[in-house]
Amino acid sequence: AAGPCAAGRRTECNPMILRRTYSDSAAAALAASGRHPVLSRIWAARGISTPETLERGLDRLIPVAALTRADALAEVLADAVETGRRLLIVGDYDADGATAAAVGVLALRRFGATVDSLVPNRFEYGYGLTPEIVRVAAERRPDFIVTVDNGIASLEGVDEARRLGIEVLVTDHHLPGPELPAARVIVNPNQPGCAFPSKHLAGVGVMFYAMLALRAELRRRGAFSSAPEPNLAEYLDLVALGTVADVVPLDHNNRILVAQGLARMRAGRTRPGIAALAEAAGRTLDRATAQDLGFLLGPRLNAAGRLEDMAVGVECLVTSDPARARELAQRLDGLNRERREIEGDMQQQAMAAAETVDAAGAHSLVLHDAGWHQGIVGLLASRLREKFHRPTFCFAPGGAGELKGSGRSISGLHLRDALDRVDRRCPGLLLRFGGHAAAAGASLRPEGIDTFRTAFEAVAAELLTPADLEEVIETDGPLAPAEFDLGLAEALRDEVWGQGFPPPAFSGEFQVCSQRVVGGHHLKLELRPAEAGPRTPPLPGILFRQSEPLPDRIHAVYRLDVNEWNGSRSLQLVVSHWKPA
C-alpha cells in the first residue's frame, strides 16, 4: 500500500494495491462445474456465482420483447419496408456509432428497405441530431430518420425534422435528460419506464436488438414464407467491435454479444472491413481478443471521426469488396498515425500545464489550450485521468466560437450527473452537455472556462470522498509457482474481459534474476517467484516504457501473457506496476 498524491505541485499518485475479495463458495461451485480453479476464483471476484452466468450461447441473450418499444419500432420499420418508404440512418462519429450505422444499413437492406446513412461531421455540426444536420438530411428526402447511438437529447433536431415533414425513430443508449424528444418511437434501455435488465447496451447493441425485433415482425407478416430469413448473427462481429470500443460495462448480456462476435472473427467469418482493419494493425483474427478490438481496431475506426469524417469508417464496415475494404482500412490507419502524433504533442503540453496546478485539496482537473484539436481532447482527458486519478475535462476551440470539451471520470463521480449539477447552478454556462458515468462532453463559450473550472471543482469536492481520490490497483492476488502455466495464460486470453469485468491481474514478490533494455525503452526480465526454490527456472517477463534498472527484489502487479515468436508460444509475465519488495 502507498499514500495519497503528494501535496504541492500535481504529481502522479502512488496507488494502493488491493486484492479483490470473492466468495469461497461461489469459486468452489464454479470449479466443481469443471472450470479451472484460478479462473473460478477470478470469476467469483467479479460477481459470478453460478456456471449459468458464464454461458455464452445466443439463447442466453435477454429476449427482444424485454426492450421497451422495440415492437413499436419494428412495426413502423416493417410498414416502411413494405411500402418502399425512404429511411436515413443518422449516426455518431465514434466506433459505436459507425458499427451501429453499419448494422442498420446492412440488415435493413437485407430486409428489402430503401436505406442510406449520414454521419455528421463533428467539426461542422457537432454531436447528435442537431437542426443543422436535419436540414442536411432533408436534402436526401427521407421519409424517416433513424438515429443510432444518439438522439435521446436531440429535442430541437427532432422538432426541426417534424417541421420538415420527416418522422424520427430514435435508437440510443445514452442517459436521457428531464425531457424526451417528440420522436415517433424511442428505443433506449435507459429511458424512463424501460425494464430491460441490461442498462449497458452500446448503441450498436440497441440497433442489433431493433433489427431482431424487425425480423420477428416481418416473420409474423409472412415476409419469409418464400425466402430464407436473414441470419442476423452475421453482424455480431460489428456488435462486438462497437460494444468493446465504446467501453460500456461488460455485463452478462454484453459478454455474450462480444464472445459471439469474437467467435465469428476467429472462425474467419467476419466483415471484409474488420479483417482489413486487423491487417492494417498487423494482426490476424484467428486468435482475436476483446483487447484487440479495444486497442487496435477501435482506435483506427475512431480516428476517422476524430480527424476527418466517419463516413469513411462506415463505408469500410459496410463494403463487401475486400479490395475496397483494404483501401479504406489503410486510409483509417494513416489517420490513426496522424492522431497519435497530434495526441503526443498535446499530451506533452497538457502534462506541463498540469504540473503547475496546485494539487493540495484539488478534486478535479480542467485544462484548455487554444491550439488543441477538438477531436483529440477526449483521449487527452483519459490520459490525464489515468496519470493523476482526478476527474478531468480538456477543452479545445470548436466551431461558432465555442469551446468543445471532453471529460473522463474516476469511480465515485458520475460525470453526466456532475455536469447536470453544474448546469443547474450556472444556468446558461453549458451550451450543451451529455454522456455517461465515466465519460461526457460539454460545450461552452470561451469566457466561461474559468467559471466552469470553479463550478466543476465545487461539484467534485461535494461528491468525492478522500478514499475516492486514492488510486487503487485491484489484483486477483498471487499465483502459486505451479500456476504459472501457458495453458492458464491461453485460457485467460480467450475469455472476454473489459469495462466492468476487468482482465485478471496478479501480484506477488519476485527476485529479478536478469534484466536488459530492449527496443530502446522496455525492460526484458527474468523473474523468479519468491516462493519458488533457488533451482526453479526464472520466468520471462517484460516491463514496458521503463529503461531504468529494477532492484533485486520487487513486488509486482502483472498479467499472464502468451508470447508468440517464430511460430512458438511461451508464457510471459507483463509487469504493469512495481515497487521495491
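For the residue pair V81 and F111, the shortest heavy atom distance occurs at CG1-O, 3.2 Å. Considering all non-hydrogen atoms of both residues, A202 and G242 come closest at CB-O, 4.4 Å. Closest heavy-atom contact between V148 and A100: CB-CB, 3.8 Å. Scanning all heavy atoms of the two residues, the minimum distance from G151 to V170 falls at C-CG1, 3.9 Å.
You'll find the side chain of L67 reaches within 4.5 Å of the side chain of C194, heavy atoms only. Looking only at side-chain heavy atoms (C-beta outward), D246 and V204 stay at 4.5 Å or farther from each other. Side-chain contact between E474 and P502 is absent, with no heavy-atom pair separated by less than 4.5 Å.
Counting non-hydrogen atoms of other residues, nucleotides and ligands closer than 6.0 Å to CZ of F295 gives a total of 12 or fewer. Taking a 6.0 Å sphere around CZ of R383, one finds it holds more than 12 heavy atoms contributed by other residues, nucleotides or ligands.
Side chain to side chain, N254 and T243 fail the donor-acceptor criterion of an N or O pair below 3.5 Å.
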Practice item. Take V562 and L486, measure what side chain to side chain contact (heavy atoms under 4.5 Å, CB included) needs, and give me the verdict at the end. Key: CA-CA 7 Å; V562 180; L486 177 62; 4.1 Å; yes
Exercise for review: Mind running side chain to side chain contact (heavy atoms under 4.5 Å, CB included) on L539 and Y558 for me, showing each step along the way?
Suggested key: CA-CA 12 Å; L539 300 163; Y558 62 93; over 6 Å; no
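At a threshold of 4.0 Å, the pair E315-R324 counts as salt-bridged, since one of the basic side-chain nitrogens sits closer than that to a carboxylate oxygen. Salt bridge absent: R340 and E343 never bring a charged side-chain N and a carboxylate O closer than 4.0 Å. Salt bridge E217/R221: present, at least one basic N to carboxylate O contact under 4.0 Å. In summary, E495 and R56 engage in a salt bridge, as defined by a charged side-chain N under 4.0 Å from a carboxylate O.
The main-chain N or O of D237 is never found under 3.5 Å from a side-chain atom of R271 such that the two would form a donor-acceptor pair. Put simply, the side chain of N150 gets close to the backbone of L129: a donor and an acceptor are under 3.5 Å apart.
Considering only residues two or more places apart in sequence or on other chains, N253 meets the side-chain hydrogen bond (donor to acceptor under 3.5 Å, both in side chains) condition with Y209.
Counting only residues at least two apart or in different chains, side-chain hydrogen bond (donor to acceptor under 3.5 Å, both in side chains) contacts with residues 90-103 comprise D96-H173.
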